[in-house]
Amino acid sequence: MKFKTLKGVQDILPPDISIWQQIEAASRAIFKTYGYQEIRLPIIESTDIFIRSIGETTDIVEKEMYTFQDKGGRSVTLRPEGTASFVRAYVEYHLYNEPPPQKFYYMGPMFRYERPQAGRYRQFYQIGAEAMGVEDPKLDAEIIAMLSKILKSIGLAGLNFEVTSIGCKECRPDYREALKNFLHDKLSGFCNDCQRRFELNPLRILDCKVPDCINLRKGAPSVIAYLCADCKEHFEKLKHYLGMLKVPHTINPNLVRGLDYYTKTAFEVTSESLGAQKAVAAGGRYDGMVDDFGGPPTPGIGFAIGMERIIPLIRDSIGKPETPDLLICPLGQEASEKGLLFAEQLRTRGLWVEANYESTSLKSQMRKANRIGAKNIIVLGEDELKKGEVLVKDMISGTVTKTSLDTGELAKIIRGEK
RNA sequence: GUGAGUGUAGCUCAGUUGGCAGAGCAUCUGACUGUGGCUCAGAGGGUCGCGGGUUCAAGCCCCGUCACUCACCCCA
């Protein structure tokens, strides 16, 4: 085969596409009830937007970005996530001048140069939401409740909602130091990855799955104990509101976010039915980012749902695809031309009509009708054209109805209105 | 970037010790002249991922390479 898709990217074909559309439609319906409006952002941005927001030393920026020079010599990058682009637009168009909270959602592809595996692709799709301008944890609770509602309306069940607070610029460095102090003496017992993490991102050691590491880190200080007064109060209120809104969740102080910009609230939704990449959605608060991007200090919170992560969870529960309302089976050259015209007229009445372009044997046309699941057929032969009458056959019940060659009458019969 | 597994028909996969390239499904045709699903018969469809090596002979053994899959890392 000469041409094929690049590694880690995929075509989405029918019948899978109907799953995508259902997820998108369900999400839109929920977003609407919470007042979130769609925003469409470019998939390509100036590289420094991502370096600035995601963090220079993160894996995403260091080795996973699709970055290249355009013909004007500018460094540009295919977006690896949505929030940075969103905040850029938020500042660029002064969206902070709208009454807060300003609430937006987006759907689209993201790009990361990684080794593909189950649930991980180089081009992957996210449904994201961002809410700006409100610091109150009520908004945190509300957006998590909205996420829960979306996932539920898509038909997902048995998901784990994990919530934590990772502090702010004030208290996180203190915690980081305390954690490093605790780990320092035991470091030689940890796995190679953890030893590397110690300098790079010590918080991630708390998330390591190696049994020795799990043992060694017992008794390590918890983020939550180190939260400053402000962050602590925010987190306590969030837990209260989540309870009030009846969003089932667990507190996981070891939850780690891979992006530098998160502050305070961080959350993740996982499924045990997936492989190693089991996070179906994740998000958090980013109160410093608008400021960093040159806008007025503005708090923000958002999440992203991984499309490819939820599709395998619902693929089997999706209903049968739609099938044509009518297949026109012509016999002979003249009839097949008439069939083309007829199909066109019936379609303007909103019916899904298929017409055989070639007049093959009636038997093979019937077989085709059966194969494509046509709900009705009409045979268009010399007799019909001469008499101006056709028999409409209901392919499910097998009943046959005689009618004139009139598209209005035909449409009624096909719709079961007559 | 690291490791393991898998590459044979459109799809899912058999293929014995090295001995003519196979099945099911799908497609088309016929049995059945203008009424489907069931059944039966037939047809089309192959660079056995690619390149080299061993051998009288390689889908099978050896070396290399590419792709896919899963996992590590990381993450939606």
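In the text below, chain A, chain B and the rest are named by the order of the sequence lines, each starting its count at 1.
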Before accepting this row, confirm whether a basic side-chain N of the pair A:Lys103/A:Glu130 lies closer than 4.0 Å to the acidic partner's carboxylate O. no
State whether the distance check finds a donor on one side and an acceptor on the other, under 3.5 Å, for side chain A:Arg120 versus base B:rC74. yes
Out of curiosity, A:Phe161 CZ to A:His249 NE2, how far, rounded to the nearest 0.5 Å? 11.0 Å
Say we look at B:rC62 and B:rU16: how far apart would their P atoms be, to the nearest angstrom? 14 Å
If the P atom of B:rU35 is compared with that of B:rG42, how far apart are they to the nearest Å? 26 Å
In whole angstrom, give me the gap between the C1' atoms of B:rA9 and B:rG46. 6 Å
In what stems does RNA chain B take part, counting only runs of at least 3 consecutive Watson-Crick or G-U pairs whose two distances fall under 3.5 Å? B:1-7 with B:66-72, B:10-13 with B:22-25, B:27-31 with B:39-43, B:49-53 with B:61-65
For atom C1', what is the distance between B:rA26 and B:rG44, given to the nearest Å? 13 Å
Rounded interatomic separation in angstrom, taking CG from A:Leu6 and P from B:rC66: 16 Å
Before we go on, tell me: are the rings of A:Tyr286 and A:Tyr262 under 6.0 Å apart, centre to centre? no
Would you say the base of B:rG36 and the side-chain of A:Lys368 have a donor-acceptor pair closer than 3.5 Å? no
Could you state the atom-to-atom distance from CD of A:Glu114 to C1' of B:rC73 in whole Å? 9 Å
Can you tell me, in whole Å, how much space there is between the P of B:rU17 and that of B:rG53? 27 Å
Answer with yes or no whether A:Gln117 presents, from its side chain, a donor or acceptor under 3.5 Å of a partner atom in the base of B:rC73. yes
Determine the contact category for A:Tyr121: base if any of its heavy atoms lies under 4.0 Å from a base atom, sugar-phosphate if only primed atoms, P, OP1 or OP2 are that close, otherwise nothing. base
Return yes if the base of B:rG1 and the side-chain atoms of A:Glu64 contain a donor-acceptor N/O pair under 3.5 Å, otherwise no. no
